[in-house]
Amino acid sequence: MTLAVAQSAQAAGIPGLRTYELRISMQMKSDFRFSHDPVGCNGTKPMGYDGEGHEIMEMKSPRPVRVQVFAPPTGDPSVMRKDLKPTYSIAGLSKRTGQMTQFVCDTNPPSNIEPCLGQFPVHDELELRFYKQKFQISTNTVQDTQSLIAGCGDHSFNWDGAVARTGDVLTQVGEGPAARSKWKTKGSFSLYGTHRDTCTVADFGAEGSCATAWSYKVNFRRLKGKK
C-alpha cells in the first residue's frame with residue numbers, strides 16, 4: 001500500500017484501516033554432533049570431525065514500531081511503518097558452545113572452533129510479506145555472521161554449515177499463517193513463523209546429526225483512536 005492510498009483510505013474513513021504497535025522476537029536453536037569417517041582418507045585412514053556444538057540465538061525489537069495496516073474484507077493486508085522506513089530492526093545475542101577434534105589421515109590439525117564459541121552481539125533488519133493468508137519474515141540486509149563474529153570464518157570450523165545456514169546469512173526465512181480473522185481482533189494478537197533445516201552430515205564425517213529450528217513472533221497491539 002502506498003502512502004497516498006493509505007491517506008486516502010484514512011480520509012475516507014474506509015473500514016479496515018488501523019494503527020498498531022508492532023514488536024518482533026525470534027529464537028534459533030541448533031545442535032550438531034559428528035563422528036569422523038575411519039576410512040575417509042584414501043579409503044584407509046580417518047577423515048572428518050568428532051565433537052558437537054550448540055547455538056541459541058535470540059533477538060527482538062529494541063522498541064515497538066508504529067505501523068498502519070489496511071486489512072480489506074478480501075485479500076491480504078498491507079502493513080506499512082508510519083515513518084515509512086522499509087524494515088524492522090532486531091538485536092540480541094548468539095550463544096555458542098561446543099568442542100571439536102579434526103582428523104586428516106595421520107594428523108590431527110586444529111579444528112579452530114574456538115573463535116566460534118562464546119556470546120556475540122548480533123543484529124539484523126527484517127521485512128514482512130503477506131500472501132494467501134500467510135506471512136513471511138526474512139532478512140532485508142542479508143547480514144552475514146562472519147562480519148559479526150570475527151575469527152569464525154573461512155579458516156575456522158565451518159560453524160555456519162553445521163548450523164545449516166544459507167551460506168553465512170545470519171537469519172533464515174520464517175513462514176506462518178496469517179488468517180484474515182486476526183485483523184478483526186480488537187486488542188493484541190501475534191503471528192508465528194517457523195523454519196527447520198538440517199545440514200549435510202557427510203561434509204563433516206561419516207555419522208552424526210544436525211538440526212536447526214527457527215521461530216518468529218510478530219506481535220500487533222492495536223492503538224485505538226490512532227490515525
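None of the values given here were measured: they were computed from a predicted structure. Residues: numbered from 1 along the sequence shown.
When the ring-ring contact (aromatic ring centres under 6.0 Å, His included) test is applied to Phe120, no partner is found at least two apart in sequence or on another chain. Residues that satisfy the salt bridge (charged side-chain N to carboxylate O under 4.0 Å, His left out) test with Lys45, not counting sequence neighbours, are Asp106.
Between the CZ atom of Phe103 and the CG atom of Asp50 there is a distance of 4.5 Å, given to the nearest 0.5 Å. The structure places OG of Ser61 at 11.5 Å from NZ of Lys217, a figure rounded to the nearest 0.5 Å. Between the CD atom of Glu127 and the OG1 atom of Thr87 there is a distance of 8.0 Å, given to the nearest 0.5 Å. Within the model, atoms CZ of Arg18 and NZ of Lys186 stand 10.5 Å from one another, a figure rounded to the nearest 0.5 Å. Atoms OG and CG, on Ser89 and Asn140 in that order, are 10.0 Å from each other to the nearest 0.5 Å.
The residue from Asp154, Leu148, Ile149 that alone fulfils the side-chain contact (heavy atoms from CB on, under 4.5 Å) condition with Cys152 is Ile149.
Within the 3.5 Å criterion, the main-chain N or O of Arg180 finds a donor-acceptor partner in the side chain of Gln133. No donor-acceptor pair closer than 3.5 Å links the side chain of Gln68 to the backbone N or O of Lys82. Ser35 places no side-chain N or O within 3.5 Å of a backbone atom of Gly208 that could act as its donor or acceptor partner. For Asn42 (side chain) and Thr44 (main-chain N/O), no donor-acceptor pair under 3.5 Å exists by modelled atom type.
Looking only at atom types and distance, the side chain of Ser138 has a donor-acceptor partner in the side chain of Arg129 under 3.5 Å away. Residues Gln143 and Thr171 have side chains that never bring a donor and an acceptor to within less than 3.5 angstrom of each other.
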### Query
Run the side-chain contact (heavy atoms from CB on, under 4.5 Å) check on Asn112 and His155 step by step: do they pass?
CA-CA 7 Å; Asn112 292 323; His155 301 292; 5.5 Å; no
### Full working for side-chain contact (heavy atoms from CB on, under 4.5 Å) between Tyr216 and Leu126
CA-CA 11 Å; Tyr216 293 88; Leu126 303 181; 4.2 Å; yes
#### Entry: From CA spacing to verdict: side-chain contact (heavy atoms from CB on, under 4.5 Å), Asp197, Trp214
CA-CA 9 Å; Asp197 212 340; Trp214 301 81; 5.6 Å; no
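Enclosure of atom CZ in Arg196 is not indicated, since only 12 or fewer non-hydrogen atoms of other residues, nucleotides or ligands lie within 6.0 angstrom. Within 6.0 Å of CD on Gln99 lie more than 12 heavy atoms contributed by other residues, nucleotides or ligands.
Using the six-membered ring where Trp is involved, Phe34 and Phe32 have ring planes that are parallel, under 30° apart on the 30 and 60° scheme. Classified by interplanar angle (parallel below 30°, tilted 30° to 60°, perpendicular above 60°), the ring pair Tyr20/Phe189 is perpendicular.
When side chains are defined from C-beta on, Met28 counts as touching Val163, because their heavy atoms get closer than 4.5 Å.
Under the 4.5 angstrom side-chain criterion for Ile, Leu, Val, Met, Phe, Trp and Tyr, the cluster partners of Met47 are Val104.
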